[in-house]
Structure formats: C-alpha cells, structure tokens
Amino acid sequence: MKSIFLYTPWCEQGLSYDAKVIEEICINNNIRPFITYRTKRKIKWDCDFIPLRKIHTLINKDDIFFCFERLPHKYLSRILGKIEHSYLMLNYEYYTPNDNNLHKLFNKIFCKSLIAFEGCKEDGLNNLKYLPWILWNFPIAQPTRLEKNIKVIFNGGTGGFQDRRNFASIVDLLKDYSDDDVEFILKFTSDIRRWTKRILNKNLDFIKCDKRIQLICSDLNRSQYQSLLIGKDINLAPSKFEGFGLTLLEALHSRIPTITSDCSPMNEIIHHEVNGLCISSKEVGKIRKQPICEINKEIFINEFSLLVKDRDRLAKMKKNTTLYIQQHRHNLINYFTGIFNG
C-alpha cells in the first residue's frame, strides 16, 4: 500500500484541519497516512505517528510527502531525495524567498490565496498552483430565520500577532453602534496574546456593562464551536491579514454572512454583496512579504449599521452563503484524488 507522510506542526487549529482534509482523501483512496512532527505531544488526533527524524529511513520512492506551512529544513533534502511525489501547502505569512532553493524541490506548492500565488511567482517559483482550501468535518448548516435582534459574532481566537484579528476595530464598532437591535458575542481562546489582551483589558468595564455583549474567553472543541455559530446572522472579520480565512469559511458553513476587509484572501472567500461585505482597507505594514492591512473603520461601522437595518438584504446574503462552498470542495477533492492516483 502506498503511504503519505503529513508534516503538520499544530494541534486543534487551522493547520491540523488542513492536514485532515488530505488525510481523509488519502484514506478514501486506499493510501495509508502517517502524521509526523518533531514530537507527538503536539499532534492531538488519533493517527499513526512517526517522528520527523525517522521519515527518510522509512519513506519509499512511490510514497508521498506533504508538508504543511513550515519546512523541516534539517531533514527535507534527505526526504525529497528519496521520493517522486512531494507537496507543500504554503502560508504566505511564513514565506521567505530565502527558502526558495528548498521550495523548488517540491513537485507542487499550493497557494491558498492569490496574493501568495502572485508573490511566489514574482520570486521565480514556477511549481505553483492556486487552490482555495476547504474545511474538514464541518457540515453545512440549514439557514435560520432572522429574529427580533440581529445576532452578531466576532471570533478573535488568540487575537493573533499584533492584534491580527483586529479587535480594536470591533471595540470602535461596539461603542459607535448604540442601538438595541443587536446581540454581540465576542469569542476568544483562554490564552489571548498580549496585543489583543491589552485592548480587552482597557475596554473590559465597557464590555461588561453593555447588556448586548456576551464575552467568551474559553477553549471550545470543534462541536461546541459549531453549536455556538448556529443561528448567528453576521460574522465580523476585519482581519489585518489571513493565511486563508478559516473563520470566514466556518461562518459560511454555518450560514452566516461576513463583513471583512477587501484584500486577499478575504475577498476571495467573501463576494461583496453576495455572501457578505468587503470593506476598503489600506496597507499599513508587512510581515516578511505578507501585507498587513487596516480596514476603513468609518466605512466598516457604517456598512454594518446599514446591513443590520436592511433585513431583506441580510436574509438574501444568508441564503447565498453556500454558493461557492460545494464547488471549491468538489474541485479540491477531485484534484488530489487525481494526483494521488496518478
């Protein structure tokens, strides 16, 4: 039986879900998956685990090596020198052209955003494919009807590097929009990074006194988070940058339109006035080659206010949330089924 070795460093979050998509496709095609990283403690799902240092001694010529985001520099040349099928899913936030000698060794590099695809192409990489990713084990919900109050959610996660999820803009919106026709949920993990934690602590009294706001700072498992999303009407995602946009996809699967920044990759998932709104943003910095964008807060607040008041428009967006999901899923599964069996 052919085997695939999935190098994925994280636990119950984005990267491991990306790897699980490939794992499931392989199982359905009679390819045995092995999960690998430096230590097993970071891998939090039931799997056959092989330490990274052993891969080059176990992998065979016809096997597959699939690397997610970060490169195991020390072992990579030894692994790729033994096989003919190697793939990398690239996250532009961590990309540097200094690694392109290693990047060129892969048969194919998958870019989940157009900005990553174009940036890598400019740096001379030609083994690229633009391929929007899909969610693993996240069913598409039935749409829910709008009730008296519009239910709004913001998933801040850990907040991210330099308040990547842009909680600061959410606070501005909460303070500016004072009407009682909305209910807000602010969802964070139990471990919030210092940039966002500073903003939260500064505004904690305001948040606790506003009866419209429910603050959740805890770690929910997959099914708990799915339940939390059901029945919500607007997802706020004014992120400064995203690798692909996991929270946007999760919202669409839960039939929630999203208000986000008009920049890649967010505007590749959210189509303006179809399944949400894309608000103008400007570049304010970079992480390596990944642009950091700041949403126009005045337009963000104004467009949110207009959407809350226009219930017919919002209801139509809720119906449109699944327009592109099934096609992307079909394309990705068929593509990998084809190359894994080729």
Side-chain angles (χ1 to χ4, degrees), residues 12-14 16-18 20-21 23-25 28 45 112 132-157 165 170 180-188 212-214 216 218-239 242 244-260 265-278 303-304 306-334:
E12 287 298 317
Q13 51 180 286
S16 66
Y17 296 148
D18 292 338
K20 285 180 178 181
V21 169
E23 180 189 43
E24 185 174 324
I25 293 171
N28 291 337
W45 78 84
K112 297 191 289 184
W133 221 251
I134 64 173
L135 288 183
W136 168 82
N137 193 27
F138 210 105
I140 296 175
Q142 294 297 317
T144 56
R145 298 181 65 178
L146 299 174
E147 298 181 0
K148 179 181 178 181
N149 285 349
I150 301 300
K151 297 177 173 60
V152 184
I153 189 164
F154 167 71
N155 181 4
R165 293 284 175 85
I170 299 297
D180 290 328
D181 55 355
V182 291
E183 298 171 13
F184 293 99
I185 291 181
L186 308 179
K187 167 67 179 72
F188 295 96
R212 304 172 305 165
I213 303 172
Q214 178 185 1
I216 301 173
S218 62
D219 301 319
L220 303 183
N221 63 33
R222 191 86 158 155
S223 61
Q224 289 171 329
Y225 182 58
Q226 289 170 349
S227 297
L228 178 68
L229 290 176
I230 297 300
K232 305 305 180 291
D233 304 310
I234 298 175
N235 176 47
L236 299 178
S239 299
E242 290 281 354
F244 180 51
L246 183 65
T247 58
L248 279 68
L249 277 180
E250 290 169 338
L252 292 180
H253 276 244
S254 305
R255 311 305 294 267
I256 313 171
T258 293
I259 304 179
T260 191
M266 289 82 87
N267 59 8
E268 298 160 41
I269 304 170
I270 302 303
H271 298 251
H272 188 63
E273 289 288 358
V274 179
N275 55 3
L277 299 174
C278 296
E303 288 295 331
F304 170 80
L306 291 173
L307 186 59
V308 168
K309 302 302 182 186
D310 193 339
R311 299 173 73 91
D312 289 340
R313 180 179 172 218
L314 178 56
K316 185 177 180 180
M317 287 184 186
K318 284 173 71 78
K319 290 181 180 179
N320 289 339
T321 45
T322 59
L323 281 179
Y324 308 98
I325 292 174
Q326 295 290 22
Q327 186 60 50
H328 284 165
R329 183 172 184 83
H330 175 81
N331 290 344
L332 186 139
I333 291 174
N334 281 359

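- Applying the salt bridge (Lys or Arg N to Asp or Glu O under 4.0 Å) test to residues at least two apart or on different chains, the pairs with a partner in residues 250-260 are Arg222-Glu250.
- With hydrogens and angles disregarded, no donor-acceptor distance shorter than 3.5 Å links the side chain of Asn155 to the backbone of Thr247.
- Considering only residues two or more places apart in sequence or on other chains, Leu146 meets the side-chain contact (heavy atoms from CB on, under 4.5 Å) condition with Ile150, Asp233, Arg311, Leu314, Ala315, Lys318.
- Considering only residues two or more places apart in sequence or on other chains, His271 meets the ring-ring contact (aromatic ring centres under 6.0 Å, His included) condition with Tyr324.
- Residues meeting the salt bridge (charged side-chain N to carboxylate O under 4.0 Å, His left out) test with Arg329, sequence neighbours left out: none.
- Glu147 and Lys151 are joined by a salt bridge, as a carboxylate oxygen and a charged side-chain nitrogen come within less than 4.0 angstrom of each other.
- A salt bridge is defined here as a Lys NZ or Arg NE, NH1 or NH2 lying under 4.0 Å from an Asp or Glu carboxylate O, and Glu242 with Arg165 meets this definition.
- In this structure, the side chain of Gln224 engages the main chain of Asn221 through a donor-acceptor pair within 3.5 Å.
- Listed by chain and number, the residues in a side chain to side chain donor-acceptor pair (under 3.5 Å) with Lys309 are Tyr177, Asp179, Asp181 (sequence neighbours excluded).
- Listed here is the closest heavy atom pair of Thr258 and Ala237: CG2-CB, 3.8 Å.
- Qualifying side-chain contact (heavy atoms from CB on, under 4.5 Å) partners for Gln214, counting only residues two or more places apart in sequence or in other chains: Ile185, Ile216.
- The existence of a salt bridge linking Glu273 and Arg313 is confirmed by a sub-4.0 Å separation between a basic side-chain nitrogen and an acidic carboxylate oxygen.
- No side-chain donor-acceptor contact under 3.5 Å links Lys319 to the backbone of Asn275.
- The main-chain N or O of Phe138 is found under 3.5 Å from a side-chain atom of His253 such that the two form a donor-acceptor pair.
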